[in-house]
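This report refers to the structure that appears directly beneath it.
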Amino acid sequence: MTPIEQTESIGLKRKLNRVSFKNFLTTQGILIVFMICLAGFSIFSDRFLSEENIMTVIRQASIVGIIAIGVTVVIIGGNLDLSVGSMLSFATVLVVDLHDKIGPTNAIIVMFAMTLLIGAVNGFLIGYMKLNSLIVTLAMLSAIQGITLIYTGGQNVDIANQDSTWFAFFGRGFVGGIAVPILMFAVLALCVHFVMRYTSYGRRIFAIGGNPTAAVYAGIRKSRCVFSTYMISAFSVGCAALVLGSRVMGSQNNVGQGYELLVLAGIILGGTSLMGGAGSVWKTVIGVLILGFIQNGLLLLGYPYYTQWLVTWVIIIVAVWLDLANQRKRLFTSHS
Amino acid sequence: MTSSATNNNQRSDTSMKPVLRLEGITKRFPGVVALNNVSFDVRAGEVHALLGENGAGKSTLMKCLAGKHQAEEGSIVLEGQKVSFSDPMAAKQHGIVLIHQELSLVSDLTVAENIFLGSLPLKWPNRVDWKKLRSDTDKILSRLKCTFKSDDLVGDLSIAKKQMVEIARALVFTPKIVVFDEPTASLTDHEKPVLFNVINSLREHGVGIVYISHRMDEIFALSQRITVLRDGEYNGTIDTAQTNEDEVTKLMIGRSLELDHSSKPTEFKENVLEVRNLSVEGVCKDVSFNVRNGEIVGMYGLVGAGRSEIAETIFGLRRPSAGEILLEGESVTVKSPHDAVARGIALVPESRKEQGLVLGLNCRDNITLATLESVSSMGVMSPKKELEIYEKYQRELKIKTPGWAQKVGNLSGGNQQKIVIGKWLTTHPKLLILDEPTRGIDVGSKAEIHALIKDLAKSGYAVLVISSEMPEVLGVSNRVIAMYSGQITAEFNADTVTEDELVQAITGQHKAASETSLQAAGL
Ligand SMILES: Nc1ncnc2c1ncn2[C@@H]1O[C@H](COP(=O)(O)OP(=O)(O)OP(=O)(O)O)[C@@H](O)[C@H]1O
Ligand SMILES: [Mg+2]
C-alpha cells in the first residue's frame, strides 16, 4: 500500500472515476430508472409534475412510508417483519371502532398499546427465543388477520360523526399548508434517521445486522436490541394506523392487506439490503417515493388500479435482483 | 541487495525456466495502490516464499494470479503463454489454485462433495456418480495420507483436517501452481509437519508452490527462494540458502528487527481472576488457575484442548457445570459478554472474521464497538471522541489503512487482527484475555504487540494469553499453563521451563509429572 498522495496521479483518477461511475450505476441504477420514468410520465401527462399532484403522491405514500421507516430498522438489524400489513388492519379497525365507544384519546392509547403488544410478542419470539423472523412474522400476519376478524365479527367499522371529531386531524388536517400525514412521515423519518446514524443504539443495530456473533462478542445485548427493533416497527404501524383510520374514518377488516409487500418494495427499491447490517432510513424514504410516483403515473396514464400490483411485483423482482448482483460482486471481491 | 537479487535471477533464468511469470502487475483500490509494477516468478518443483509486512500486497498479488482480482496493468505468463483469468474457476482449470487462509468449505456437505464441488462426476442423464466420486476422493485422500473418510461431514473436522480437504480440492485439477496464503496461521506446531509433508510431496511431483507466511522458521525450512514485497513494491528475490533471517527482515521492514527486549512484568499483586474447579460440559474438567494484577499467564495446548472454551466461559458465553469463577476475590456468575464487559473483562477472540469484526462497518466503528458508552453522551455519538480513540489506537498499533472510513473487510489480514486488539484495548479492562493475539501479524508488529502486552501488564492489567506458538507463550508470559484435552496438566515458570517439558505436558505424557510440579509450585 502506498499513501493516498500517490493516488493523485491522473491515470488513477480516471480509473477511480470510472470505478465509482460503475458503482453508481449499480447502486443508484434504480434512481436513474426512476428519472426516466418521471420524464416519461411527464411527457404523457402534464398534470404529473404539478405541485398539487406531487403533494398528493407524497401524501398517499406517507402511510407506506411511515411503516417502511420502522421496518427498515428491523431489516438493518438483520431480521424481517412481514406482519406489518395485518397489524395495520388490526390497529386501524381498533382505533376506528373504539373512537365512538371510548372517545378518540382513549382509542388512540388502546390502539398503540395493542400494537406495541404485538410488536413485543414478535420481538420476544425473535429476539429472546431466537426463532426465525420470517416464520414468526408470517405466522403473526395470519394470526392477526384472524384476531381482527374475530374482533369485528366480519363487519366493517366506522365513525358516526365524521365531521366533528378532532381525530380527523391526523389524516385530513394541515399544518402550515402541509398535510399532517406528510408531516408525520417527515418527522418520523428525521427522528429515526438521527437515531440510526448518530446514536450508539443505531450503531448496535448495524453491528448486529452485520455480524451478530461479533456483536455479541463485543458485549452488545443482541436479544434486547432485536426486541427493540420490533417495538419500533410496531410503533410506526401505530402511527400509520392513526393516519389511515383518520383519513377513511371507517375501515374494512383487511385495509392493511398487501402493505407488507409495498413496504418491502420501497425499502429494497431504496437500496437497503435484505442481508442486514447496511442501509438507511433516507434510502427508504427515496424508495417509497419512487414507488408512489410510479403508481401515480400509471393511474394518470389511465391504467386500471390493479396494474400497479403487477408493476410493483416487477419492481420488487428487479430491485432484489440488483441487490443480489451487488451482493455477489461484494462477495466475489471481498477480502480474505 | 537489489544487485545480488538480479544476479540470482539471471543465474536462475539460464538454469531453470519458470512455469509461471507475473510481469509488472499493478493493482489499485480506491485510496490505495496495493501493487505497483510487481514481478514474480515460480519454477516447477520449488517452494517460493512470498514475504512482506501486513498490507504489503501479498494476498492481493496472489488473488490477481488466481482470478479473484483483475490486475489493471501487467501480465501473467503461464508456460510461455499469456493468460488472463476472469474468475477463480478459470484459473483452476489452468492449474492455478489458491488456498486461502480463511477456509471456504461447506460444513454441511461431506468431504467428497466439498472436494469435487463444482465439478462433481456425473453419469447419464445428469446424475451424480457417487461411486466414482467416492473412489476419486479416496485416491486423493490416500495420496495426502489423510485419516478421515470421504463420507465424513466437513463441519465435524478439525481446522487442520479442513485444511487438508482444501488441499485435496486443489489436487482435483492436477495443479501446476498451488498458492498457500498463511496456511499455518490456525495450525498448532503439532499439526504443521503433516502440512509440510504434503507441500514437499507436491513439490517433488513438480508442482510450483507459492508460500505466504509470517513465520521465518517455516520459510527457511520449506522454501528455495524468497521474494519480498514492501508497500506494494517488489523488493528483491533471494535464494533461501544464501540468506538469513536478519537480511530478509531488513528487506521486509527496511531495518533490522528490533527484538522485543522489554522486560516482563515482575510485580504481581492480588488475584484478579481465580478459577476454581471449573467444569464445562464437553469442554473441560476441574480446571483451577489464577491470574494476578500485573501478571501475564500463558495458556498453551493443542487445538481442541479447551483453551478458547475456557476463555469463553469466563467471558460469559458458556455456562459452567461446576466450580466457580472469582473476580477480585468475589465469586461471580458472568451471565453474558455484556456482563463480562461491565465487570472489566475483555476477550480478543480466536476468529477475527466470525467473532471479532463486523466486516461491513468501517475501521472506526469497529474499534469503538465495545466502548460505545464512552464515545457517546446520553446515547448520542460524539464523532470527535470516536475519532480520537480511533486515531490513538491506529497510531499505537500501526494499523495500515487509507483512513477511518475504510471498510474493515478491505484491510489486509494482519491489519484486521490489529483492529480487533484495538477494539478491546479501548475498554481498559482489568482482565485482558487474548486468544491467539498475533495470528497473521508480521514479525515487526508482533514484537511491538508483545511489548505492548507487557506494558499493559506492568500498568496493572491482568493478562491471559492463549497461544499455539511456543515462542510467543514463553516470550511474553510469567507463568505457563499447559492443557491437554480439557484438563490442566501442568503449570510452569515460563523462564525456566524447557520445550520438552512443555510438549510433554500438552500431549498428555506429563500426567504423572504434573502432579509433582503442581505440588512443587505449592498449589
Ligand atoms: N478489496 C479491497 N479494497 C480496498 N483495499 C484493499 C482490498 N484488498 C486489499 N486492499 C488493500 O491492499 C493492501 C494490500 O493488502 P493485502 O491483503 O494484499 O496485504 P497482505 O500483504 O496480504 O497483508 P497481510 O500480511 O496482513 O495478510 C492493503 O493496504 C489493503 O488495505
Ligand atoms: Mg494477506
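As the structure is a prediction and not an experimental result, all values here were calculated from the model. The basis for the numbers below is simple: all heavy atoms, side chains too, and nothing from hydrogens, waters or symmetry mates. Chain A is the first sequence line, chain B the second, and so forth, proteins listed ahead of strands; every chain is numbered from 1.
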Inset, instruction - Identify the residues of residues 205-213 of chain A whose heavy atoms come closer than 4.5 Å to a heavy atom of chain B, ordered by number, or report 'none'. - result: Phe206(A), Ala207(A), Gly210(A), Asn211(A), Thr213(A)
Heavy-atom distances under 4.5 Å only: say whether [X] touches chain A with side chain, backbone, both or neither.
X         : value
Glu386(B) : side chain
Leu357(B) : backbone
Val341(B) : side chain

Legend entry - Within 6.0 angstrom of Phe112(A) CZ, more than 12 heavy atoms from elsewhere: yes
Inset, instruction - Tell me, out of Leu361(B), Leu229(B), Thr368(B), Leu317(B), who's got the most heavy-atom pairs with chain A below 4.5 Å. - result: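 Heavy-atom pair counts peak at Leu317(B).
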Inset, instruction - Look at Gln355(B), Lys423(B), Glu312(B), Glu373(B) and state which one has the largest set of heavy-atom pairs under 4.5 Å with chain A. - result: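 Ranked by contacts with chain A, first place is Gln355(B).
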Inset, instruction - Could you list the residues that satisfy ring pair (Phe, Tyr, Trp, His ring centres under 6.0 Å) with Phe85(B), not counting sequence neighbours? - result: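 So Phe85(B) forms a ring pair (Phe, Tyr, Trp, His ring centres under 6.0 Å) with His94(B).
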Inset, instruction - Kindly write out the residues that satisfy ring pair (Phe, Tyr, Trp, His ring centres under 6.0 Å) with Phe124(A), not counting sequence neighbours, or none if the list is empty. - result: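 Once residues adjacent in sequence are excluded, Phe124(A) has no partner under the ring pair (Phe, Tyr, Trp, His ring centres under 6.0 Å) criterion.
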Legend entry - Per-residue contacts, residues 374-385 of chain B versus chain A, heavy atoms under 4.5 Å: Ser376(B), Gly379(B), Val380(B), Met381(B)
Inset, instruction - Flag the pair Leu372(B) / Tyr201(A) as yes when at least one side-chain heavy-atom distance between them is below 4.5 Å, and no otherwise. - result: no
Legend entry - Shortest non-hydrogen contact from Phe315(B) toward Tyr217(A):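 That would be CE2-O, 3.4 Å.
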Inset, instruction - Look up atom NZ in Lys335(B) and atom CZ in Arg221(A), then write down how far apart they are to the nearest 0.5 Å. - result: 10.5 Å
